[in-house]
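Working notes, beginning with the structure itself.
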There are 2 protein chains.
Amino acid sequence: MSKEKKTTSDSSISRIADELDISTRTIRFYEEKGLIRPRRTTGNQRVYTPRNKARLKLIIRGKRFGFSLDEIAEMIGMADADPNELEQIEKSLKYGDVKLKELRERKKELTLLEQDILATREKLIKRKTELEITGSSTTKGEENEHC
Amino acid sequence: MSKEKKTTSDSSISRIADELDISTRTIRFYEEKGLIRPRRTTGNQRVYTPRNKARLKLIIRGKRFGFSLDEIAEMIGMADADPNELEQIEKSLKYGDVKLKELRERKKELTLLEQDILATREKLIKRKTELEITGSSTTKGEENEHC
DNA sequence: TTTACAGCTTACGTAAACGTTAAGTTTTTG
DNA sequence: CAAAAACTTAACGTTTACGTAAGCTGTAAA
């Protein structure tokens, strides 16, 4: 009976773009790639539900970890994938598991990267202190290698 | 007195490429960008020390987190930056700190992403179970939205 | 020594992920 | 109701991060 829900929280593409700090072009691009599929008004303009917005956030988050859009698509499921197809569900599940593993791998690497940066930091500070103490005439040798 | 060290562990570009599972082109490209600067033989061929190799690993690791090569360069320091320049050191330190913060931010988001995928997983499993129980005639309504 | 392979530089090609007009439609607002 | 703001599709432009091929040189093995 109540088919049209003016949920108020639904918003236009530019509002969403503002809120998520991305361009409208980017949002449309993600739609082109099949990552989202917002409803349209009678005038063919895009309408985004909070659900759609959450999905966009998810995409953005995935991107920050170096995943390509294609990878993200497979991770969170294409917007036009039929959720009634068992086969499709199985596939998504399997892919999700693989990605979870990858994700945890990266979690470890993240720590390693952090340590690398910290190590570089230490060396820089040491070198800095050296320079500050010895004044400025310490051009010993021609060792041109550093971290 | 002993200037030339044939450290045996030093290796050619193709060996390194193999070991790190990247192309020689990629390695040369990183050099073009100023990220590494290996020594050369008298015949002008590139020689990579373990140190150089470690640096490459670091670059690769950074890339896996969606950092651009330019960002990585600033994070770990350009290969041709003069380490005697105090100003340069200060700059690198500051940038490193910024990146450390970013990195920790991402660490948190990584967990969020993980949870998102787990949530999707749960829903998929639920849906799957539903489908398996009801046989195949559950086209209730036209709810065409999903995670 | 010769030959074949690995490496070097130079340079054009390409895919991904948008940016940027352009030209027309819809919706909002004075 | 008409102007202005927001939206639409379409298409070409741009940057990043390499791929690939050409043409030459150095180097290891027969």
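In what follows, chains are A, B, ... by sequence order, proteins preceding strands, each numbered from 1.
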- Mind checking which nucleotides bracket the chain A contacts on DNA chain D, 5' to 3', with an atom under 4.0 Å from a heavy atom?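 Contact boundaries, 5' end first: D:dA6 to D:dA11.
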- Task: Select one nucleotide: of C:dC18, C:dA6, C:dT9, the one nearest the side-chain heavy atoms of B:Ser14.
- Result: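 Nearest to the side chain of B:Ser14 among the choices is C:dA6.
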- Message: Closest approach to the side chain of B:Ile13, judged atom by atom: which nucleotide of C:dG19, C:dC8, C:dA16 is it?
- Response: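 Looking only at side-chain atoms, B:Ile13 lies closest to C:dC8.
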- Message: Just N and O in the side chain of B:Arg25: are any of them under 4.0 Å from OP1 or OP2 of C:dG7?
- Response: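 No, outside the criterion.
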Measure across [X] and [Y] and return the closest heavy-atom pair with its distance rounded to 0.1 Å.
X	Y	result
A:Ile59	A:Ile72	O-CD1, 3.5 Å
A:Asn52	A:Ile36	O-CG2, 4.4 Å
B:Phe67	B:Gly62	CD1-O, 3.3 Å
B:Asp10	B:Pro50	OD1-CD, 3.6 Å

- Give the intermediate values and the outcome of salt bridge (charged side-chain N to carboxylate O under 4.0 Å, His left out) for residues A:Glu114 and A:Arg121. CA-CA 10 Å; A:Glu114 194 178 343; A:Arg121 201 187 126 92; over 6 Å; no
So what does [X] touch, heavy atoms closer than 4.0 Å: a base, only the sugar-phosphate, or nothing?
X	answer
A:Arg28	base
A:Arg15	nothing
A:Thr24	nothing

Nearest-Å distance, [atom1] ([X]) to [atom2] ([N])?
X	N	atom1	atom2	result
A:Phe67	C:dA17	CZ	P	13 Å
A:Lys33	C:dA16	NZ	P	6 Å
A:Phe29	C:dA17	CZ	C1'	5 Å
A:Glu71	C:dA16	CD	P	12 Å
B:Ile16	C:dC8	CD1	P	12 Å
A:Leu56	C:dC18	CG	P	12 Å

- Query: If we fit an axis to the first five pairs and another to the last five of the helix from C:dT1-D:dA30 to C:dG30-D:dC1, what angle do they make, to the nearest 10°?
  - Reply: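 The end axes of the helix from C:dT1-D:dA30 to C:dG30-D:dC1 are about 10° apart, to the nearest 10°.
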- A:Tyr30 or A:Asn44: which one's nearest nucleotide on DNA chain C is closer to the 5' end?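 Its nearest nucleotide lies further toward 5', so the answer is A:Tyr30.
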- With DNA chain C as reference, determine whether A:Thr42 or A:Ser23 sits nearer its 5' end, using the nearest nucleotide of each.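 Taking each residue's closest nucleotide, the earlier one in sequence belongs to A:Ser23.
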- Message: Using the rule given for side-chain contact (heavy atoms from CB on, under 4.5 Å), can you reason through A:Lys123 versus A:Lys126, listing the C-alpha separation, both sets of side-chain angles and the distance that settles it, and then say yes or no?
- Response: CA-CA 5 Å; A:Lys123 280 182 190 162; A:Lys126 203 176 150 195; 5.6 Å; no
- Item | Residue closer to the 5' end of DNA chain D, A:Ser12 versus B:Gly43 (nearest nucleotide) |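 It is A:Ser12 whose nearest nucleotide is closer to the 5' end.
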- Under 4.5 Å between any side-chain heavy atoms of A:Lys101 and A:Asp97, yes or no?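 Result no, sub-4.5 Å side-chain heavy-atom pair not found.
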- Query: Does some side-chain heavy atom of B:Gln45 sit less than 4.5 Å from a side-chain heavy atom of B:Arg40?
  - Reply: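 In short, these two side chains do not touch, never coming nearer than 4.5 Å.
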- Message: Could you walk me through whether B:Glu19 and B:Arg15 satisfy the salt bridge (charged side-chain N to carboxylate O under 4.0 Å, His left out) test, starting with their C-alpha distance in whole Å, then the side-chain angles of each, then the deciding distance to 0.1 Å, before giving a yes or no?
- Response: CA-CA 6 Å; B:Glu19 288 171 21; B:Arg15 271 184 59 80; 3.2 Å; yes
- Message: Salt bridge check, B:Arg28 against B:Glu31: does any charged N sit closer than 4.0 Å to a carboxylate O?
- Response: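 Answer for the salt bridge query: no.
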